[in-house]
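This report refers to the structure that appears directly beneath it.
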Amino acid sequence: MLRELILSTKKTVFGRNGPFTVRKHPIIYQGNVKKLMYIYLCPISQIRNSWEMKRLCVRIGFFLAFSCSICFGQIFDNTKEKPYKRVFVDTDNFGVSYLSILEDALGKVGNDTLRFCILNDLAYYWHTRNLTTSMDFTKRGLRSAAQKKDILWEGRFQITQGAVLLRMEKLDSACTVLELAKNKVKESDLPFLHTQLGYVYERKGQLDRAADEAMISLKLGEKRNDTKAIALAYSDLSNLLWKQSKYEKGLEYGLKSIDIFEERGMSDLDYDFTLYVVGNNYLALKDYEKAQHYYEHAAVLGERYGFYNNLSDVYISLVDLYTDLEEYDKAETAGEKTIAYAELLQNDFMLMRSWLSMGKMQNKRANYAMAVESLQKCIEVATEDFGDAFYLSQAYEQLGKALAGNHQYMQAYEAFAEYDKLKKVIFTVEADQRISLLQTELGVAQKESTIQLQELKLKKQATVQVLLIIITGLLFLFLVFLYKTIQNNRKKNKQLERQNEEKEFLLKEIHHRVKNNLEIVSSLLALQSAHLDDPKIADAMQKSRDRIHSMSMIHQKLYQEKSLSSIEMKDYFENLASYIVAVFGAEDQVKVLLEMEPVTLDVDTAVPIGLIVNELLTNALKYAFPYKKEGTIRIGLKREDTQLRLWVADDGIGKSEMRKTRGTGFGTQLIALLIQQLDGKMELLIDKGTIVNFEFQYHKAA
C-alpha cells in the first residue's frame, strides 16, 4: 500500500474507474500558508490501469517539485556568505519536505564544513521518520569525517549515532559512542551530548543518573547562556519527575521550558516533545482540557515537520486521555495512528508503548481478551533485553489485570509478580532521594540567582522611590481633578434623566390625548350615523369608525407600554380582531387565529398595516360567511431581514369572478394606497376561501 501523507483536508473525486481520495496540502512560504494544492493519493489497490498510475506519479512529482522549490529558498541562499540557514537553528520556516531539500543540496556543496553540517542534520532529523535511513546517513558522515581526519565532526556524528542507537534499543552501544565523543567535540556541543546520555539512562530505568545528566546540561547551558540547552534540561527534568509521579513539580519545569522555547521563537523537535511532556503532566493531574490542548499543539507541529516519533508519543497519550474520558472510538483511532507511526519509524520502543496504550484502553472497556492479545504483542516486541523497566512494568501490570479479567488467574499471578520485580528496579529509594536532592540543589541555585537580582533591584530602588513620590503627587492631583469631573458629570446625568422623564411623560400624554380625540371622533360618527336612514351611508360611517378605532388602539398601546415609538403587533391584532368580530356580533360564528410570533414595528409601519388588516377583516366578516356560516380567519405577520410578510386568509365562500363587486370600492382603494405607502406588493389567491399576501420593504417604511 502507498502510505498516505497526513494532510489537512480531503475530498472525493471521480475518475474513470470510480472515486479517489484527494487531499489538500499546505505549501509553507515565509511562515504562511500561501497555496493549497490538491494531490491525488489513493491505495495502490485502487489504481486499475497504467493511465491512472501515470496520473498519480505526475501529480505527486509536480507537488514535490513545487513545494521543494518554495522551501529551498527558505533554507539555502547561495548569494550569502553562509548559504545554509540551519534547520531548527537559524530558521523553522519550511514544511515537511525539508529533508528532501537537504539531500538535494548535499551533492551541490563543495565546502567540507558546510557539507558535514548538512549531512549531520540529515542524519539526526531522519531519526524522526525512519531509523534505518538515519543510521545510513550517520555512517556516511562518520566515514567522510574519518577520511578528512576531522576529529570535531567525527565527534558530532558520534553524538548523532548515539541518538539513533538509543532509539534502535542498542542502549549500551549508544552509551559507549557518546562517551567516546566527549573528548572530540566543543564545549558548546556538550549540553546536547549529555541530554542524549540522559535519555539512555532513562531508557535503562536509571532515573537518578538520567537526572544527573539533565543537571549537567542545565549548568552548561547557564554557563554559556544557551537558552536551548536550558529549555531542554527543564524539559527532561519535567519528564523524569512525571515518571516519578511528581506531577506538580514536573508541570512547573515543563511550563518553564515552554516559556524559554517560545521566547526563542523557534518551533523544533524538542519544543514539540516538551508540549507532549507538559500534556502528560496535565493528564496525570486530570486536567483533560489543558492536556488535550498541548497534545493537539504537539500533533500540529509533528505533522508539519514530519516528526513521526513525537506523533507516536502524542497519540499514545491521546489514547490514555480518551480512555479516561471514556471516548473509546477516539481512543481506538489514536491507537491505530500511533501503531502506524511506530511501524513507519521501525522503532520497537514506540511500537511496544503503542500496544501498551491499546491494552490499557481495552482493559478499561472490560474487553479483556483483546487486551491480553495487545499486551502480549507489547511484551513480545519489548523482548527480554528491552531495558526500559518503567514501561515494561506497566505492560506486566496491565497484562495481569487483563488475565485476571479473563479468568486466567495463574497467568495473572505470574504477570503481577513480574510487575512487582520491575517496579522495585525503577522506583528505588536511592533514585527517589537523588531526584529530590537534585530538586533541592536546583532550588538553592535559583534562590542564589534571585538574591543577586534582589541586590540589583535595591540599588535601583532609591532612584525609583523619588520618581514614585513625584508620580504619586501628580496622580493625587489628577484624582482630585477626576473626582470633580465625575461629580459634575453625575449632576448633568441626573438633570438629563429628569428631562428625559419629563419628555417621556409629555409624549405619553400626547398619545393619550390623540387616542381620546380619536375616540371622540368615533363617538361623533356613531351619533351621526344613528340619525341616518340610508343604510349605505350608515355602513360607510361604521367603516370609518372601525378605521379610526384601529388607529386609536395604536396610540393607546404607545402610552400604556414602555416603548413610545414601537408597537407589539400580535397583541394589537388580537385586540383589533376581538373588536371587529364583536361589532359584527360574530363571536360564536367566526374564529380568528394569529399565526405569528411577537413582532415589534414602529408607528409609521404599524398604522398602515393596522388599517389594511382592519379592511380585510371587515370584508371577510361581511362577505366570506353568508347565512351564518361558521369559519376561520387566519392572520400572520413575519419579519425577514428588511422584508415584512403579511397574510390574511379565510375559508369562506371565496370571490367569484362572475359575482358583481359589492360596496363602494373605497376599501380597495385605501388598501392600494397603503401598499404604495409601504413600498409593497399584494397577491390574491382564491382556493377554498380567500388568501391575501403582502410583502413590504420594512426599512423604507421607517
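Not measured: the values here are computed from a predicted model.
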Looking at every heavy atom in both [X] and [Y], which two are closest together, and how far apart are they?
X: Ala210; Y: Gly198; answer: CB-O, 3.4 Å
X: Met358; Y: Ser374; answer: CB-OG, 4.3 Å
X: Gly250; Y: Leu241; answer: CA-CB, 3.8 Å
X: Met135; Y: Leu165; answer: CE-CD2, 3.7 Å

Is there a donor-acceptor pair closer than 3.5 Å between any side-chain N or O of [X] and the backbone N or O of [Y]?
X: Thr338; Y: Ala334; value: no
X: Arg353; Y: Asp313; value: no
X: Tyr305; Y: Asp92; value: yes
X: Asn406; Y: Gln408; value: no
X: Ser357; Y: Val319; value: no
X: Ser354; Y: Met350; value: yes

Heavy atoms, side chains only, cut-off 4.5 Å: are [X] and [Y] in contact?
X: Leu220; Y: Ile216; result: yes
X: Leu190; Y: Val185; result: yes
X: Asn120; Y: Phe137; result: no
X: Asn281; Y: Ser238; result: yes
X: Asn309; Y: Phe307; result: yes
X: Cys117; Y: Trp153; result: yes
X: Tyr125; Y: Tyr98; result: yes
X: Tyr328; Y: Glu326; result: yes

**OP:** Measure up the Phe416 and Tyr419 rings against each other and bin them: parallel (under 30°), tilted (30 to 60°), perpendicular (over 60°).
**Re:**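 The rings of Phe416 and Tyr419 stand perpendicular, inter-plane angle above 60°.
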Original post:
Under the side-chain hydrogen bond (donor to acceptor under 3.5 Å, both in side chains) criterion, do Gln161 and Thr138 qualify, and how do the steps go?
Top reply: CA-CA 6 Å; Gln161 186 182 27; Thr138 304; over 6 Å; no
Mind checking the [atom1]-[atom2] spacing from [X] to [Y]? Nearest 0.5 Å is all I need.
X: Leu399; Y: Leu356; atom1: CG; atom2: CG; value: 10.5 Å
X: Glu397; Y: Ser393; atom1: CD; atom2: OG; value: 7.0 Å
X: Met361; Y: Asp320; atom1: CE; atom2: CG; value: 10.0 Å
X: Glu103; Y: Asp121; atom1: CD; atom2: CG; value: 13.5 Å
X: Leu131; Y: Lys170; atom1: CG; atom2: NZ; value: 10.0 Å
X: Ser97; Y: Leu102; atom1: OG; atom2: CG; value: 9.5 Å

**OP:** Kindly indicate whether a cation-pi arrangement holds for Arg86 with Phe88, taking the cut-offs as under 6.0 Å to the six-membered ring centre and within 45° of the axis.
**Re:**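 Relative to the ring axis of Phe88, which defines the angle, Arg86 lies outside at least one limit.
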Subject >> Evaluation steps, side-chain contact (heavy atoms from CB on, under 4.5 Å), between Tyr396 and Ile379 >> reply: CA-CA 8 Å; Tyr396 277 107; Ile379 293 169; 3.5 Å; yes
Original post:
So, Tyr124 versus Phe192, ring centres under 6.0 angstrom or not?
Top reply: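 Ring centroids of Tyr124 and Phe192 are less than 6.0 Å from each other.
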Carboxylate-amine/guanidinium proximity below 4.0 Å for [X] and [Y]:
X: Lys182; Y: Glu179; result: yes
X: Lys243; Y: Glu202; result: yes
X: Glu252; Y: Lys249; result: yes

Which atom pairs, one a donor and one an acceptor, fall under 3.5 Å between side chains of residues 261-273 and the rest of the protein, sequence neighbours left out?
{"from": "Glu262", "atom 1": "OE2", "to": "Tyr271", "atom 2": "OH", "distance (Å)": "2.8"}
{"from": "Asp268", "atom 1": "OD1", "to": "Asp270", "atom 2": "N", "distance (Å)": "3.3"}
{"from": "Asp268", "atom 1": "OD1", "to": "Tyr271", "atom 2": "N", "distance (Å)": "2.8"}
{"from": "Asp268", "atom 1": "OD2", "to": "Lys228", "atom 2": "NZ", "distance (Å)": "3.1"}
{"from": "Asp270", "atom 1": "OD2", "to": "Lys228", "atom 2": "NZ", "distance (Å)": "3.1"}
{"from": "Asp272", "atom 1": "OD2", "to": "Asn310", "atom 2": "ND2", "distance (Å)": "3.0"}

**OP:** Test salt bridge (Lys or Arg N to Asp or Glu O under 4.0 Å) on Lys421 and Glu418 and set out the steps.
**Re:** CA-CA 5 Å; Lys421 184 171 71 174; Glu418 191 66 26; 3.5 Å; yes
**OP:** Only one of Tyr294, Tyr295, Trp242, Tyr247 passes side chain to side chain donor-acceptor pair (under 3.5 Å) with Asn280; say which it is.
**Re:**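 Of Tyr294, Tyr295, Trp242, Tyr247, side chain to side chain donor-acceptor pair (under 3.5 Å) with Asn280 is met by Tyr295 alone.
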Subject >> Lys364, NZ: over 12 other non-hydrogen atoms inside 6.0 angstrom >> reply: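 Buried by this count: over 12 neighbours within 6.0 Å.
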Subject >> Enclosure of Tyr288 OH (heavy-atom neighbours >12, cutoff 6.0 Å) >> reply: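 Count over threshold, so yes.
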**OP:** Among residues two or more places apart or on two chains, list those pairs meeting salt bridge (charged side-chain N to carboxylate O under 4.0 Å, His left out) that have a residue in residues 186-200.
**Re:**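 Those involving residues 186-200 are Arg156-Asp189, Glu187-Lys223, Glu187-Arg224.
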Subject >> Residue pairs fulfilling salt bridge (charged side-chain N to carboxylate O under 4.0 Å, His left out) with at least one residue in residues 331-341, sequence neighbours excluded >> reply: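 Residue pairs passing salt bridge (charged side-chain N to carboxylate O under 4.0 Å, His left out), neighbours aside: Glu332-Arg365.
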Non-neighbouring partners of [X] that pass salt bridge (Lys or Arg N to Asp or Glu O under 4.0 Å), sequence neighbours left out:
X: Asp90; answer: none
X: Arg140; answer: none
X: Glu327; answer: Lys330

**OP:** Please assess Asp329 against Thr333 for the test side-chain contact (heavy atoms from CB on, under 4.5 Å), listing each intermediate value before the final yes or no.
**Re:** CA-CA 6 Å; Asp329 289 341; Thr333 301; 5.6 Å; no
**OP:** Dump the intermediate steps for side-chain hydrogen bond (donor to acceptor under 3.5 Å, both in side chains) on Asp236 and Tyr253, then the final yes or no.
**Re:** CA-CA 9 Å; Asp236 294 340; Tyr253 285 123; over 6 Å; no
**OP:** Identify which one of Ile258, Thr195, Thr274, Ile230 satisfies the side-chain contact (heavy atoms from CB on, under 4.5 Å) criterion when paired with Ser235.
**Re:**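 Between Ser235 and the candidates, side-chain contact (heavy atoms from CB on, under 4.5 Å) is satisfied uniquely by Thr274.
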Subject >> Side-chain donor-acceptor contact under 3.5 Å, Gln398 with Gln394 >> reply: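 Not at all, the side chains of Gln398 and Gln394 share no donor-acceptor pair under 3.5 Å.
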Original post:
How far apart are the C-alpha atoms of Leu375 and Asn363, what are their side-chain angles, what is the distance that settles it, and do they pass the side-chain contact (heavy atoms from CB on, under 4.5 Å) test?
Top reply: CA-CA 10 Å; Leu375 292 163; Asn363 265 343; 4.2 Å; yes
Original post:
Going through the distances and angles, do Phe157 and Ser144 end up as a side-chain contact (heavy atoms from CB on, under 4.5 Å)?
Top reply: CA-CA 10 Å; Phe157 279 114; Ser144 296; 6.0 Å; no
